[in-house]
Each structure stands twice: as structure tokens, then as C-alpha cells.
Asker: 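What follows is a single structure, and I will ask about it in a moment.
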Amino acid sequence: MASEDGEYHVHGVKYLYVERSQNISDDSAAGIRIGRVRHWLGFHNLKRENPRDSDFIWHPPAIYREHAAHMASSGDGGQVFLRTSINEWDIGINLTYVRPVLVPMNESVAIIFGDPKVGYFTERSRITGLNFSLATPMKMVEIRYDYTRLQMDFQSALPFISSGDTDTRLHTLGARVYLNDGLDLTVERIQAINEGQAVWSSFQKVWPTRGKPGGY
């Protein structure tokens, strides 16, 4: 998939994988995906393929440059999934373990650190993710919980900035109520826990490394 946004251009493959699934019963299936798979980050990220038609539930990814917004949601590796129904309640579970897409590398570093010359993320970087969704009968109400652990191995190019691992954990909890075919009400909360102080301590003024930053 290629994309283009104003003067900034990203051409490449966002998602490309091989999927194998097996029906467990009439309303249940499990499977595995191998390749460049997608890890979801809440209700908003399900729809924000193009920042111009985003629903703006979670605003920052809609204004950041596209590739940085996808760095925590697209990666090369594997994903297992389960879809089932219990008493007409639909349940979905995804488990993801991938290497994040780090190209264009300089653009991702520039968005996070402010300058592409600061350093680069190495191939040791990883995303671990869990997605859980629960929908009531007739799918009038849907609840989601998404856990993301973004472990980035950073190699500094400057002597006064430390190299090392950064560890960011995101917890996203949301609920969506479908009022009719064309209208729904969605509430979503995201919370981040940042670790890896040796790296982040150089950026205290621009990146909150203490506490648990989050938003609705």
C-alpha cells in the first residue's frame, strides 16, 4: 500500500501477510498470520488509515506524520487470533509479536526526538501486543482492550545522549454504542507507562518519562 500526504511521501507496504485459519465450530475460528501484520491500537486506529478521513477520537496520530503514527501498529513477524461466540456474545482475541517497521528510519527518529541526526532504532526493536474485543448480541455495544509494549533499541549518534532500550507500554480501553446504522458513540482512554530512563532522561522536557501520561 502506498500513501501520499502533502509534501511528505511514504511509499511502501503497510500490511502484507499470509493467513491460515481453521474453523473450530460454526461460530468460532482460530488462525495465524505471518508477514507484515497489523496490531490495533483502540477504536480510533481501526479507522485512521488516512489522516484526512480520521474520526478524530484519538487526535495526535491524525496530526503526526503518517509513518510515526504507524510505528507501533505495523510490524514484521507473527500474529495468532481467535474469533468465537458464546451465547451470541462475540469475542475476539489477537496476540502479536513483531519487529516494528522502521523505514524511513530518519523520519521516525525525527518525530520522536526532534532531529534525525540524534541516532537510530536498531533491528532489535520489538512490539508485543494483545487485543481483546467483546460485543453484545446484535452488536449494539462493543468493548475493547488493547495492550501494546513497544520496546525500542536506540543507538545514539551523539556523545551526550545515552544508547539503550526504551520500554513504552500502552493500555487502551474503549466502549462503543451503536445508536443506529449511521451513528455511534465512542469513549476511549489511553495510558502510557514509559521506562528506559537512561535514554529518555535526555528528553525530559519534551517526553514525560515519569508518571503515567494518558488521555481520553
Side-chain angles (χ1 to χ4, degrees), residues 1-20 31-54 57-81 94-131 144 146-157 163-172 190 192-196 199-200 203 207:
M1 180 184 297
S3 59
E4 183 174 314
D5 188 10
E7 296 181 356
Y8 175 67
H9 305 272
V10 173
H11 298 280
V13 177
K14 287 184 180 178
Y15 314 114
L16 180 64
Y17 54 84
V18 175
E19 178 178 314
R20 172 74 174 179
I32 186 171
R33 302 181 179 104
I34 301 294
R36 180 158 294 181
V37 300
R38 180 182 186 185
H39 167 63
W40 290 273
L41 278 171
F43 283 111
H44 175 86
N45 203 58
L46 292 174
K47 298 178 66 177
R48 70 151 310 281
E49 285 305 299
N50 185 341
R52 292 189 176 94
D53 62 14
S54 166
I57 295 172
W58 183 23
H59 190 70
I63 61 175
Y64 291 157
R65 287 182 176 175
E66 181 177 293
H67 208 86
H70 278 281
M71 192 169 64
S73 60
S74 177
D76 299 325
Q79 183 178 72
V80 295
F81 61 90
N94 286 345
L95 297 174
T96 306
Y97 185 75
V98 296
R99 177 174 58 91
V101 180
L102 301 175
V103 179
M105 184 84 69
N106 287 347
E107 188 62 33
S108 301
V109 173
I111 291 298
I112 295 176
F113 295 112
D115 189 336
K117 298 179 182 179
V118 167
Y120 60 93
F121 297 118
T122 77
E123 298 296 317
R124 293 179 59 245
S125 303
R126 293 291 184 271
I127 297 173
T128 305
L130 165 67
N131 310 114
R144 287 191 63 90
D146 300 287
Y147 168 79
T148 306
R149 185 176 184 182
L150 184 60
Q151 296 171 287
M152 305 297 291
D153 181 61
F154 179 71
Q155 183 64 44
S156 174
S163 299
D165 294 330
T166 66
D167 192 345
T168 299
R169 306 181 190 192
L170 302 174
H171 299 272
T172 307
I190 185 169
I193 302 174
N194 294 312
E195 298 178 357
V199 176
W200 293 132
F203 304 93
W207 188 279

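Here the structure is a predicted model, which is why all the values come from computation and not from measurement.
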Asker: CG of Leu130 to CG of Asn94: how many Å apart, nearest 0.5 Å?
Answerer: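 It is 8.5 Å, given to the nearest 0.5 Å.
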Asker: Does the side chain to side chain contact (heavy atoms under 4.5 Å, CB included) test come out yes or no for Gln151 and Thr128, once each step is laid out?
Answerer: CA-CA 8 Å; Gln151 296 171 287; Thr128 305; 4.3 Å; yes
Asker: List in chain and number order the residues that pass side-chain hydrogen bond (donor to acceptor under 3.5 Å, both in side chains) with Asp76, two or more places apart in sequence or in another chain; answer none if no residue qualifies.
Answerer: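 Once residues adjacent in sequence are excluded, the partners of Asp76 under the side-chain hydrogen bond (donor to acceptor under 3.5 Å, both in side chains) criterion are Arg36, Arg99.
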Asker: One pair to check against side chain to side chain contact (heavy atoms under 4.5 Å, CB included): Arg144 and Asn131. What are the steps and the verdict?
Answerer: CA-CA 7 Å; Arg144 287 191 63 90; Asn131 310 114; 3.8 Å; yes
Asker: I would like to know whether Val98 and His39 meet side chain to side chain contact (heavy atoms under 4.5 Å, CB included); could you show each step before the answer?
Answerer: CA-CA 9 Å; Val98 296; His39 167 63; 5.8 Å; no
Asker: Arg124: which residues meet the salt bridge (charged side-chain N to carboxylate O under 4.0 Å, His left out) condition with it, sequence neighbours left out?
Answerer: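 So Arg124 forms a salt bridge (charged side-chain N to carboxylate O under 4.0 Å, His left out) with Asp153, Asp165.
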Asker: Can you tell me how far the CZ atom of Phe43 sits from the CG atom of Asp146, to the nearest 0.5 Å?
Answerer: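 So the gap between those two atoms works out to 8.5 Å.
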Asker: So do Arg149 and Asp167 actually touch side chain to side chain, heavy atoms under 4.5 Å?
Answerer: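 Of all side-chain heavy-atom pairs linking Arg149 with Asp167, at least one is under 4.5 Å.
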Asker: Between Tyr97 and Leu95, is any pair of side-chain heavy atoms under 4.5 Å apart?
Answerer: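 Not in contact.
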Asker: What's the spacing between Thr96 OG1 and Arg126 CZ if we round to 0.5 Å?
Answerer: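 Rounded to the nearest 0.5 Å, the OG1-CZ separation comes to 14.0 Å.
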Asker: About how many Å separate CG of Leu170 and CD1 of Ile127, when rounded to the nearest 0.5 Å?
Answerer: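 Ile127 atom CD1 to Leu170 atom CG measures 10.0 Å (nearest 0.5 Å).
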Asker: What distance do Tyr120 atom OH and Ser125 atom OG have between them, rounded to the nearest 0.5 Å?
Answerer: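 The distance works out to 11.0 Å.
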Asker: Check step by step if side chain to side chain contact (heavy atoms under 4.5 Å, CB included) holds for Thr168 and Met152.
Answerer: CA-CA 8 Å; Thr168 299; Met152 305 297 291; over 6 Å; no
Asker: Can you name the one residue among Glu19, Arg33, Arg38 that meets side chain to side chain donor-acceptor pair (under 3.5 Å) with Gln79?
Answerer: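 The residue from Glu19, Arg33, Arg38 that satisfies side chain to side chain donor-acceptor pair (under 3.5 Å) with Gln79 turns out to be Arg33.
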Asker: Run the ring-ring contact (aromatic ring centres under 6.0 Å, His included) test against Phe81 and tell me which residues pass, sequence neighbours left out.
Answerer: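 Counting only residues at least two positions away or on another chain, Phe81 forms no ring-ring contact (aromatic ring centres under 6.0 Å, His included).
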